[in-house]
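Notes to accompany the following structure.
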Number of protein chains: 2
Amino acid sequence: MSWTVGELARLAGVTVRTLHHYDRIGLVRPSERTSAGHRSYDARDLDRLQQVLLYRELGFPLDEVATLLDDPEADPAVHLRRQHRLLRDRLERTQAMVAAVEKEMEARQMGISLTPEERFEVFGDWLPEEYAAEAEERWGDTEAWAQSQRRTAAMSKEDWQRVKAESDDVERRFAAALAAGVPADSTAAQDLAEEHRQQISRHFYDCSPEVHAGLGRMYVEDERFTAHYERVAPGLAQYVSTAVQANAARQS
Amino acid sequence: MSWTVGELARLAGVTVRTLHHYDRIGLVRPSERTSAGHRSYDARDLDRLQQVLLYRELGFPLDEVATLLDDPEADPAVHLRRQHRLLRDRLERTQAMVAAVEKEMEARQMGISLTPEERFEVFGDWLPEEYAAEAEERWGDTEAWAQSQRRTAAMSKEDWQRVKAESDDVERRFAAALAAGVPADSTAAQDLAEEHRQQISRHFYDCSPEVHAGLGRMYVEDERFTAHYERVAPGLAQYVSTAVQANAARQS
DNA sequence: CAACAGCCTGACGTCGCGTCAGGTGCAACC
DNA sequence: GGTTGCACCTGACGCGACGTCAGGCTGTTG
């Protein structure tokens, strides 16, 4: 089986020009030429092109790709494992960026502004381990934000205003309960917490009681989220946090 | 609060030259200059730079980034939502690529070769929806392959040979049981299946009985994996599949 | 006051192609 | 047998997003 440039280009999703270029620089050369001088690629050439495209996608300059692929020590399995690892890194990085954007969104909605360091930390010299651990701890349940992403992506400005109005409403009712002396672990407060949880589930992602409890902890542990609630009413951060966790406990 | 080029460059993880460039092309201009002509960036400039870097990371050419950011219709929230969606797409794409590499690894280990179309499908003109559905179905449990990735990335050639030897051993014992007339849903066959499952768990990822059952189905539904087992012994694909699913059933 | 780090503005180089321009090979249709 | 049309060929220039000097200014510290 053999392929012409055009066929291969269509197959691999690149342009003919790109294949010409790779031929010229010796990165992927067709193993044969027809009598008319046309390039003829065989299965091994496809193999190589696939490797090249993967490494390229991962950000390697072409000359480095060449030295990687021309290393006689490196059999195909080595490349697959390396690519696998690099893709995993990239996933983590992307996850961190998603988390960062979500943090910004949440912060904006609450009127909190992040520090410059926080906002750029996701760029900078990327240290995989750190983020891996943090991201996994915070966003380990990927199914959750897969959902979150799908839903929020489709939201219009009006949708967002509606969502904001809803969450403001719950906040006010929390504040009222606090003012009325309703205990944070009372059934009434837990019901509000449950409403909060279901709001998140409806608008963002499937927020399990456990995940919700985690959010609750953040409200008292991250001073900015604390400050947001404290601005609504003093003591509200702790109040909401307690109610959320009591609600999570009663559901399990 | 204000920053010099050098400070901002360090903060944002870019070079001073890049900031010069962005200034020159009008993409991110410092809102002030000192008397000496030095650039002085304020908080709003940081904001803008962050947006630029995110869009850049997502592959936008700088002039498009400029038109996006200079659109008076688009408030910050619009950008965040768009970035969020794009990052989600990228996540899916990366997941698909990871899946593709894993498929190749599995195929290689079994001595199966994939069709060119399959091998390039992950590049080509990327249609989000398709892959989203497929990838989620197959790799929905992200925790699982997060593990797989971490483990396989660290494996040496010898590790792989050992893993291969182990799995060959189980295959042979499956074949022996089949030859001896041991029923596929017998306890003995199920024990072999369980061993197989634990092997995967040890070497790749936490393979739950449900996930394992899914793999079992693939062994009879994907003709290449079927062919792999059939080459070891006729009827082995169905045999292993049945044993794996019986084992999964007994565990639940 | 000298040294040195950090800033400045050109200006040229590089990488990975895109985009013509001008020509060939070959099958199909008139 | 001509020509139309498509896919291929080889230069060659262009471009985006900086990297990398070169040559010079600034301002703080020993």
Side-chain angles (χ1 to χ4, degrees), chain A residues 1-42 45-46 48-70 123-125, chain B residues 2-42 45-46 48-70 120 123-125:
Chain A
M1 191 64 187
S2 75
W3 293 263
T4 70
V5 259
E7 286 164 2
L8 183 52
R10 239 174 304 122
L11 191 59
V14 300
T15 67
V16 169
R17 177 64 178 92
T18 299
L19 293 177
H20 283 178
H21 185 56
Y22 291 173
D23 185 3
R24 154 97 27 121
I25 67 175
L27 185 53
V28 181
R29 323 205 85 134
S31 49
E32 269 196 284
R33 292 275 188 149
T34 68
S35 55
H38 291 191
R39 291 170 179 81
S40 175
Y41 295 88
D42 69 11
D45 301 331
L46 296 215
R48 182 157 172 115
L49 178 58
Q50 193 202 0
Q51 303 282 1
V52 166
L53 293 183
L54 238 169
Y55 277 126
R56 183 188 71 165
E57 172 88 26
L58 285 166
F60 284 83
L62 297 186
D63 55 349
E64 276 184 44
V65 173
T67 63
L68 281 175
L69 292 180
D70 292 338
F123 301 109
D125 29 32
Chain B
S2 74
W3 292 263
T4 70
V5 257
E7 285 164 1
L8 182 52
R10 238 174 304 121
L11 191 59
V14 300
T15 68
V16 170
R17 179 64 177 92
T18 299
L19 294 177
H20 283 177
H21 185 56
Y22 291 174
D23 186 4
R24 155 93 29 119
I25 66 174
L27 186 53
V28 182
R29 324 205 84 134
S31 48
E32 269 197 283
R33 292 276 188 150
T34 69
S35 55
H38 291 192
R39 292 170 178 81
S40 176
Y41 295 88
D42 69 11
D45 301 331
L46 297 216
R48 182 158 172 114
L49 178 59
Q50 193 202 359
Q51 303 282 1
V52 167
L53 293 183
L54 239 168
Y55 278 125
R56 182 188 71 166
E57 172 87 27
L58 286 166
F60 284 83
L62 297 186
D63 55 351
E64 277 184 42
V65 173
T67 63
L68 281 175
L69 292 180
D70 292 337
F120 283 113
F123 301 108
D125 29 32

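Residue numbers start from 1 in every chain, and the chains themselves are labelled A, B, ... in the order their sequence lines are given, proteins ahead of strands.
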*asked:* Pair A:L8, A:L46 - check side chain to side chain contact (heavy atoms under 4.5 Å, CB included), show working.
replied: CA-CA 8 Å; A:L8 183 52; A:L46 296 215; 3.2 Å; yes

*asked:* OP1 or OP2 of D:dC18 versus the side-chain N and O atoms of B:R56: is any pair under 4.0 Å?
replied: yes

*asked:* Whether the side chain of A:R29 engages the backbone of A:D23 through a donor-acceptor N/O pair (distance < 3.5 Å, no angle test) should be reported.
replied: yes

*Below 4.0 Å: OP1/OP2 of D:dC9 and any side-chain N or O of A:R39*: yes

*Can you name the residues that form a side-chain contact (heavy atoms from CB on, under 4.5 Å) with A:E32, not counting sequence neighbours?*
A:S40

_Using the side-chain heavy atoms of B:H21, tell me which of these nucleotides is nearest: D:dG27, D:dA17, C:dG18._
D:dA17

*asked:* Looking at A:E7 and A:T4, would you say the former's side chain and the latter's main chain have a donor-acceptor pair under 3.5 Å?
replied: yes

_First of A:A36 and B:I25 reached from the 5' end of DNA chain D, by closest nucleotide_ = A:A36

_Inter-end axis angle, the helix from C:dC1-D:dG30 to C:dC30-D:dG1, with every axis fitted to five base pairs (rounded, 10 degrees)_ = 10°

*Rounding to a whole Å, what distance do you find between B:D63:CG and D:dG14:P?*
19 Å

*Can you check the A:H38 NE2 to C:dG23 C1' distance for me, whole Å?*
11 Å

*Are B:D45 and B:R39 close enough for a salt bridge, meaning some N to O gap below 4.0 Å?*
no

*Taking the side chain of B:P61 as heavy atoms from C-beta outward, which of C:dG18, D:dT26, D:dA17 is closest to it?*
D:dA17

*Compare side-chain N and O positions of A:Y22 against OP1 and OP2 of C:dG16 and report whether any pair is under 4.0 Å apart.*
no

*Is there a side-chain polar atom (N or O) of A:T4 under 4.0 Å from OP1 or OP2 of D:dC8?*
yes

_For atom CZ of B:R17 and atom C1' of C:dT14, their distance in whole Å_ = 13 Å

_Would you say A:T18 places a side-chain N or O within less than 4.0 Å of OP1 or OP2 belonging to C:dG18?_
yes

*Check whether any side-chain N or O of A:T15 sits under 4.0 Å from OP1 or OP2 of C:dG18, and answer yes or no.*
yes

*Could you list the residues that satisfy salt bridge (charged side-chain N to carboxylate O under 4.0 Å, His left out) with B:R48, not counting sequence neighbours?*
B:D70

_With a 4.0 Å cutoff (strictly under), does any side-chain N or O of A:H20 reach OP1 or OP2 of D:dC9?_
yes

*Would one find a side-chain N or O of B:R33 under 4.0 angstrom from OP1 or OP2 of C:dT9?*
yes

*Length of the CG-P vector between A:L19 and C:dC17, whole Å*: 10 Å

